[in-house]
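A quick write-up on the structure given underneath.
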Amino acid sequence: MLIIHSYHDGYEWTDGQAAGIAEALAALAPDIEPEVHYLDWKRHPDATGLDQLAALIRHRHGKGSVKAIVTTDDAALGFGLRLRDTEYGAIPLIHGGVLPAAGRDLIAGRPETVGVTEVKDIPGTVALAMAAGPHLRRIHYLRDTTESGIGLDAELMAAVEAGQMPLELHTLPNPPFEQLLRLLETLPSDSAILLGTYADDGHGLTMPPTRFLERMSERSAVPIFGLQEYLLGHGLAGGSLLSARAHGRAVGELAAAVLKNGRVEGLLSHPRQSSVRAIDHAQFQRFGLSVDLTPPPDVVVNKPFSVFDAYRTLIIGVGGVILILAGMVIALASALSRRWRAEAELRISNRALIDSRRTLEANLAELTESREKLRDSERSLRLIAEASRDIIWNRDFKTGRRVMSGRVQELLGVDPKALATVDAWYARMHPADIDRCKDLLRRHLKGETAEFRAEYRMRHRDGYYIWIYATGKALFDEQGQPTIMAGSYTDITAEKVQQARLDHLAHYDQLTGLPNRLKLSEHVDQLIRGDRPAGGSQSLSLLFLDMDNFKFINDSFGHRAGDDLLVDFGQRILRIAGEGTFVSRLGGDEFVIVVPGTAGTDAMEVARRLEQGLAMPFLVEGQNFFISASIGIARHPWDGRSFDELLQNADTAMYWAKDNARGRVGAFTPDMNRKVVDRVRLLTRIRHTLDDGAFTLVYQPQASALDRSVRGFEALVRWTDSELGTVSPARFIPACEESGLIVPLGMWVLETACAEAVRMKQRGLPDLTISVNVSVVQLAQPDFVSRVLEVLERTGLPAGRLELEITESLMMGCFEASVDKLNELCGAGVRLALDDFGTGYSSLTYLRRLPIHTLKLDKGFIDDVHRRSDARSMVASIVRIARDLKLSVVAEGVEEEEQWDPLARLGCDTIQGWLVSRPLPPERIAPFLADWDRKRAGMPVPARDVVVDMMSRA
């Protein structure tokens, strides 16, 4: 007999079925020889593996050697049917572990096929949950999106249609697992969870189902009931659970019957009972579920050892004998005692009756009048108590008894008589609230407070707690001792829940779920206050993180993508920061990490981990974003003794890091404050300058390396401020990029340069190319392409005479969108150059995909080209790559005559630098061209050698 399992050896469901089949066959068909195979379809769903296994089986067992085939679950059933059709003919096939609908579809029209269908007992599980928790009003259904999970929906709907689901049914969504855990924490107390299959969360997270259940149970506010026996003991409260072993025994019994009968005729597929009623005693206690109200379970786990249960018969027998003997003794003693007391009481009563008669006669008239008054007062008090929404109570200190109105049953689910004593009341109070409540009551009874007021939790009969607001006031005798006390109990659970929700909204960021600035401030203040008793020997550090280029990604891809990126960024730095740190979102793209530690060493270690961890891309909406962060560090107490001071200095250090190089780490020093003031002043002056039109353009010539003719000019922006003087572009360009001012400045540069190129042509100068630098911030604007084409149309400059220079920094984050825009510009005829090649990422993959025409070599490559062979080899290699990609090469920063000839020989097409000319104002361009033409006529024309020959001579 071939036994084929869909999944792997060690998978709990498969192991249970295998054990059950083996037990049944060993008992009912001991002479049969089983041959067991595992498809391992869950871990390796590969059709090639099935073909290889089929070949192995055919090799081992030829036709006529197999008497029957037994399969478990869908994959094995399909494989067994195919194997039987191709190899063994119409031998019996017995299947198990298949849902009824799936089984019918697979074996439709197939003779000699029978099996035990897998039916989960959803009504039985719901009935068990309702019996254990009479307070339950709704059931929340949770399953994954696997085939088994989706197939379970049909069984659930069948139970609903059959009227077997009396509870209110809700279907939980299947978000990422961490969001699901937060959702489970908020479920109302009159709920329970019905768990179907859950092997993955549909968002890439896969774990064993038992591990998923353990984490759900740890965080869930309500009990979880299930349908699979192997989940018992991992957080499942219980249910009518499908037993893999019982299911396997049913399949084995059916297989033995088929072998005995010789064929399957008369043995129909049927849903044999494969479920066991099981509970987890620890989970029942945790959620206040009643074991006594449920039918006797088949299986109980996590039940503590009970001496009474182990020796029930002996204890009952001995106890019965003792009770009988004790009863006899008590009866005799009671009879004697009653007789003696009766005689004494008769004597006392006789005297008391005489005295009472006189007293009664004297007070009869007064009592008759008071009776009517008391009756009216009692009716009024009863009406007030019944109409009140609170519990009205009073306490007699002499008798120790308490009387309460009837709302006790409504609020706590118990009879008021069961709480007639103070000890009984304290027994239902939350243990954490007892001491505080007793202290408040003691202070009132000593006269220290005018009233007794307290808030605490009381346990409901069903196991959950409600919040009570208690008030009361005592009356005292002449000696200052309390005689009676009265008050009320008010249910404030809803107010407490709302207060907790508002507190969470006030202290946590709604997008990322991280603590916000208020929570951060409280946390740091608490750490600082806790440090003072230690004499300031401990320290902590604030790491201020600011995401580089986030504004541009947010503007280019939309706020939804930006929000998703912020969530992913927050979760990643939370993982990287590790245990013992505190991660919060300050607002926008700013995050703060609190690191306790000494001398700042722990903070620098966290910063290094953040730099490494943020190097990996973020995948958002199918787009890879490379996001770095600038980090500023401020330490307590050296860099500040309060939260505000530490935060401000960490922010200052972050801006210092951002100004030096994005993605850097900066530790605060006192002189950074001056740099921050300078930076703010610089941004203010830039805004004024944009409005006043104080920026100017100069133009640096670009000459052919072979014939030294001028081919074009690069437009460069300059700024001389009335207050700051001459400001370097290396200083004001990064500030404009960070503040967004680069967008209006860049468009002004583009339009001014294009207009000047048209004027050159109008003055009779040759058709020269004008090169304009483009910032990655400009390129990220959605309307960048249309605005460039509008400038060309407005100025009348042909697209082929405009060259836009971009830097390798565009690969940071929005590469795909940038390439699309560059392709559109290239299609319109605009030339494109890659500036400062070799100083950034220099990825050949990116270089191949960029639609560029020109490579501009950075000055660092050509400074020593006339002196060092390795410099010439480097230039030759880059030129060779450019030639293969059909790109022209521009050498920037050429300052010495000796550099010209080797650059020309190595294959550079264009020379740019002070050797040709410094950047020129517009009015100097025409005189320069006339003078340059005279000079170059006497210059030698360099020879263009083959690059390999040049390298050989070097």
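For reference, positions follow the sequence shown, starting with 1.
Here the side chain of T652 pairs a donor or acceptor atom with the backbone of Q648 at under 3.5 angstrom. Checked by atom type and distance alone, the side chain of R572 pairs as donor or acceptor with a backbone atom of G613 at under 3.5 Å. With D651 contributing its side chain and L647 its backbone, the two residues share no donor-acceptor pair below 3.5 Å.
At least one side-chain heavy atom of L511 sits under 4.5 Å from a side-chain heavy atom of R585. Side-chain atoms of P701 and W932, non-hydrogen and from C-beta on, never get closer than 4.5 Å to each other. A 4.5 Å side-chain heavy-atom check between V879 and R883 finds at least one atom pair inside the cut-off. V592 is not listed as a side-chain neighbour of L545, based on a closest heavy-atom distance of 4.5 Å or more. Counting heavy atoms from C-beta on, the side chains of L906 and V889 never come closer than 4.5 Å. Within the 4.5 Å cutoff, the side chain of F591 has heavy atoms near those of the M547 side chain. In this structure, the side chains of F928 and I925 stay at 4.5 Å or more apart for every pair of heavy atoms. The closest side-chain heavy-atom distance from W656 to T669 is not below 4.5 Å.
Between C826 and P851, the shortest heavy-atom contact is SG-O, 4.1 Å. The two atoms that bring P729 and R718 nearest to each other are CG-NH1, 3.7 Å, heavy atoms only. Residue G588 comes nearest to L566 through the heavy atom pair O-CD2, 3.6 Å, listed as atom of the first residue, atom of the second, then distance. Considering all non-hydrogen atoms of both residues, L565 and F618 come closest at CD1-CB, 3.6 Å. Shown here for D639 and I633, the closest heavy-atom pair between the two residues is OD2-O, 4.4 Å. Taking each heavy atom of I733 and I742 in turn, the nearest pair found is CD1-CD1, 4.2 Å.
A ring-centre distance under 6.0 Å is not found for F550 and F569.
Of the charged side-chain nitrogens involved, at least one lies within less than 4.0 Å of a carboxylate oxygen, so that R608 and E605 count as a salt-bridged pair. Ion pairing between R708 and E897 holds under the 4.0 Å rule for side-chain N and carboxylate O. The pair R560-D563 does not count as a salt bridge, with every side-chain nitrogen at least 4.0 angstrom from each carboxylate oxygen.
Residues meeting the side-chain contact (heavy atoms from CB on, under 4.5 Å) test with P766, sequence neighbours left out: L768. Residues satisfying the side-chain contact (heavy atoms from CB on, under 4.5 Å) test with E896, not counting sequence neighbours, are H866, R867, E898, Q899. For R711, the side-chain contact (heavy atoms from CB on, under 4.5 Å) partners two or more places apart in sequence, or in a different chain, are S704, D909, T910.
Going from atom CZ of F668 over to atom CG of L646 covers 10.0 Å, rounded to the nearest 0.5 Å. Distance CG/L857 to CG/D835: 10.5 Å, rounded to 0.5 Å. The distance from the CZ atom of R831 to the CG atom of L804 is 11.0 Å, given to the nearest 0.5 Å. The distance from the CZ atom of R868 to the CG atom of D863 is 11.0 Å, given to the nearest 0.5 Å. Rounding to the nearest 0.5 angstrom, the gap separating the OG1 atom in T854 from the CG atom in L887 is 7.5 Å. A distance of 11.0 Å separates CG in L706 from CZ in R905, rounded to the nearest 0.5 Å.
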I'd like to know whether L716 forms a side chain to side chain contact (heavy atoms under 4.5 Å, CB included) with N773, so could you lay out the CA-CA distance, the side-chain angles of the two residues, the decisive distance to 0.1 Å, and finally the verdict. CA-CA 8 Å; L716 302 171; N773 288 281; 4.0 Å; yes
Before you tell me yes or no, could you show the steps for L885 and L855 under side chain to side chain contact (heavy atoms under 4.5 Å, CB included), namely the whole-Å CA-CA distance, both residues' side-chain angles and the distance that decides it to 0.1 Å? CA-CA 10 Å; L885 296 175; L855 276 184; over 6 Å; no
Side chain to side chain contact (heavy atoms under 4.5 Å, CB included) between I627 and D548, worked out: CA-CA 7 Å; I627 299 298; D548 296 327; over 6 Å; no
Audit row: K821, L825, side chain to side chain contact (heavy atoms under 4.5 Å, CB included) steps and yes/no: CA-CA 6 Å; K821 295 175 182 177; L825 287 170; 5.6 Å; no
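Heavy atoms of other residues, nucleotides or ligands lying less than 6.0 angstrom from CE of M874 number 12 at most.
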Using atom types as modelled, flag every donor-acceptor pair under 3.5 Å from a side chain in residues 911-922 to any protein atom, sequence neighbours excluded.
| unit_1 | atom_1 | unit_2 | atom_2 | d |
| --- | --- | --- | --- | --- |
| Q912 | OE1 | Q702 | NE2 | 2.8 |
| Q912 | OE1 | K856 | NZ | 3.1 |
| Q912 | NE2 | Q700 | OE1 | 3.1 |
| Q912 | NE2 | E714 | OE1 | 2.5 |

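Between the side chains of D707 and S709, a donor-acceptor pair is found at a separation under 3.5 Å.
Screening residues 700-723 for ring-ring contact (aromatic ring centres under 6.0 Å, His included), with sequence neighbours left out, gives F695-W719, W719-F732. Screening residues 777-801 for side chain to side chain donor-acceptor pair (under 3.5 Å), with sequence neighbours left out, gives E751-R794.
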